[in-house]
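Working notes, beginning with the structure itself.
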2 protein chains.
Amino acid sequence: MVLEDAKLKYIHTWGSLATSWGVNKTMAQVHALLLVSTKPLSAEDIMETLQISRGNVNMNVRALIDWGIVQKELVIGERKEFFVATKDIWELFKQITKERKRREVEPVLKVLADLQEIEDDSEEALEFKKVLNDLSKVTTTVNNILDKTIKADEHWLLSNFTKIVKK
Amino acid sequence: MVLEDAKLKYIHTWGSLATSWGVNKTMAQVHALLLVSTKPLSAEDIMETLQISRGNVNMNVRALIDWGIVQKELVIGERKEFFVATKDIWELFKQITKERKRREVEPVLKVLADLQEIEDDSEEALEFKKVLNDLSKVTTTVNNILDKTIKADEHWLLSNFTKIVKK
DNA sequence: CTAAACTTTCAATAATTATTGAAAATAAAA
DNA sequence: TTTTATTTTCAATAATTATTGAAAGTTTAG
């Protein structure tokens with residue numbers, strides 16, 4: 001396989017995988033493209049490589065910037081905008097974790113806490129509250145792990161978890 | 001809020017949240033319903049509570065069984081099938097983690113390894129391989145953490161991570 | 001200022017994914 | 001065995017989500 005094919009295969013595979021994690025296919029592909037590109041790309045470049053419309057590129061690039069994993073980059077002598085992806089994978093991982101935590105884990109905790117408020121002491125209500133409480137407990141633990149992960153530096157995490165994992 | 005309303009609110013909220021994690025809304029709702037139910041439910045019960053068709057119930061219940069988080073339960077004197085959800089939330093969390101790891105994390109590692117195989121030593125190819133290698137490294141670490149989590153018992157995980165998290 | 005280059009928006013449309021419901025298959029009862 | 005209850009399948013359809021493309025908006029150059 002030649003390099004360009006490998007890159008394309010990577011981009012397309014990434015797109016399909018994204019779906020199972022609730023991520024838009026095109027967004028994953030745009031990110032993958034920027035990640036393996038050695039130079040900043042313009043909207044045109046992305047349109048052409050992925051064969052998608054200008055509007056689609058714009059929306060997905062904005063979303064990626066919003067996630068903090070893609071940045072605008074100025075190219076001298078060029079008027080239009082260029083984009084690059086964070087190449088530090090550890091940083092990328094932390095950023096994605098941080099955003100998903102904020103957008104998707106924390107709201108779950110909020111909902112669970114709200115539901116706990118019910119005033120009813122029947123046997124059945126207590127059972128329901130127990131389920132909610134257990135869900136909160138596990139979710140909180142996960143949330144704390146993610147917090148620590150975000151703050152950790154790569155070396156710390158790898159070595160720490162190696163210890164734990166080898167236990 | 002009265003108990004039944006709280007349960008329904010929980011079921012519907014869970015359904016919406018599921019979408020951002022790539023889980024079918026109805027599947028999440030069926031699971032939530034079984035989780036907060038104090039007794040085994042039949043296909044009819046689920047159809048009625050969630051207002052969905054028989055075929056839909058059947059497909060989603062099968063999927064949940066396939067994920068290992070719902071079981072059939074025999075009710076004496078009844079001919080039809082009844083279903084219950086694993087009530088142990090820690091067990092539930094481990095089961096989901098295990099399945100997602102198997103279905104979605106491991107295939108990623110496979111793809112990354114395959115792509116590494118490219119025979120090209122140009123500057124650009126080396127950069128590409130570095131990205132792939134970094135992705136593999138982070139994914140492997142995550143995979144190992146998940147492995148250990150699956151094998152851990154609740155107490156071990158909570159206490160261990162509390163230590164780490166408080167660090 | 002005006003024109004050109006470029007970006008953003010969003011209603012219309014396409015593509016994907018989920019759901020229905022009735023027929024076929026299966027299993028239990030008579 | 002035949003009948004009846006129950007589950008499964010799957011083509012048709014509905015609902016959701018993603019994409020297009022052209023018009024409106026914005027920015028920079030002249």
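For clarity, every value in this text was computed on a predicted model and none was experimentally measured. Per chain, numbering begins at 1; letters A, B, ... match sequence-line order.
Among all heavy-atom pairs drawn from B:V30 and B:I52, the shortest one is CG2-CD1, 4.4 Å. Closest non-hydrogen pair, B:I118 versus A:V2, comes out as CD1-C, 3.7 Å. A:V36 and A:K7 make their closest contact through O-NZ, 2.9 Å (heavy atoms, listed as atom of the first residue, atom of the second, distance).
If you find the closest nucleotide of DNA chain D to B:G55 and to A:V23, the one lying nearer the 5' end belongs to B:G55. Both A:N56 and A:T19 lie near DNA chain C, and the one whose nearest nucleotide falls closer to the 5' end is A:N56.
As judged by a 4.0 angstrom heavy-atom cut-off over every strand, B:S42 is placed among residues making no nucleic acid contact.
Between the CD1 atom of A:I52 and the C1' atom of C:dT16 there is a distance of 17 Å, given to the nearest Å. Distance CD (B:E81) to C1' (C:dA25): 14 Å, rounded to an integer number of Å. Rounded to an integer number of Å, the gap from A:N60 CG to C:dT7 P is 16 Å. Separating the CZ atom of B:F82 from the C1' atom of D:dT6 is a distance of 12 Å, rounded to the nearest angstrom. Atom CE of A:M27 is separated from atom C1' of D:dT17 by 15 Å (rounded to the nearest Å). The distance between atom NZ of A:K72 and atom P of C:dC6, rounded to the nearest whole Å, is 14 Å. Whole-Å rounding puts the B:M59 CE to C:dA18 C1' distance at 9 Å. Straight-line distance from the CG atom of B:L74 to the P atom of C:dA27: 15 Å, rounded to whole Å.
When distances run from any side-chain atom of A:K80 to the nucleotides C:dC6, D:dC10, D:dT19, the shortest one goes to C:dC6. Side chain of A:R62, nearest nucleotide from C:dT7, C:dT20, D:dT7: C:dT7. For A:S53, the listed nucleotide lying nearest its side chain is D:dT20; candidates were D:dC10, D:dT20, D:dA18.
For the salt bridge (Lys or Arg N to Asp or Glu O under 4.0 Å) with B:R102, the qualifying choice from B:E104, B:E99, B:E106 is B:E99, the only one to do so.
When the side-chain nitrogen and oxygen atoms of B:N24 are compared with OP1 and OP2 of C:dT19, one or more of them lie within a distance under 4.0 Å. Note on B:N58: every side-chain N or O is 4.0 Å or more away from OP1 and OP2 of D:dT7. Here B:R54 does not reach the OP1 or OP2 of D:dT8: none of its side-chain N or O atoms lies under 4.0 Å away.
A donor-acceptor contact under 3.5 Å links the side chain of A:R79 to the base of D:dT27.
The side-chain tip of B:R100 points at the ring of A:W21 from less than 6.0 angstrom away and within 45° of straight on.
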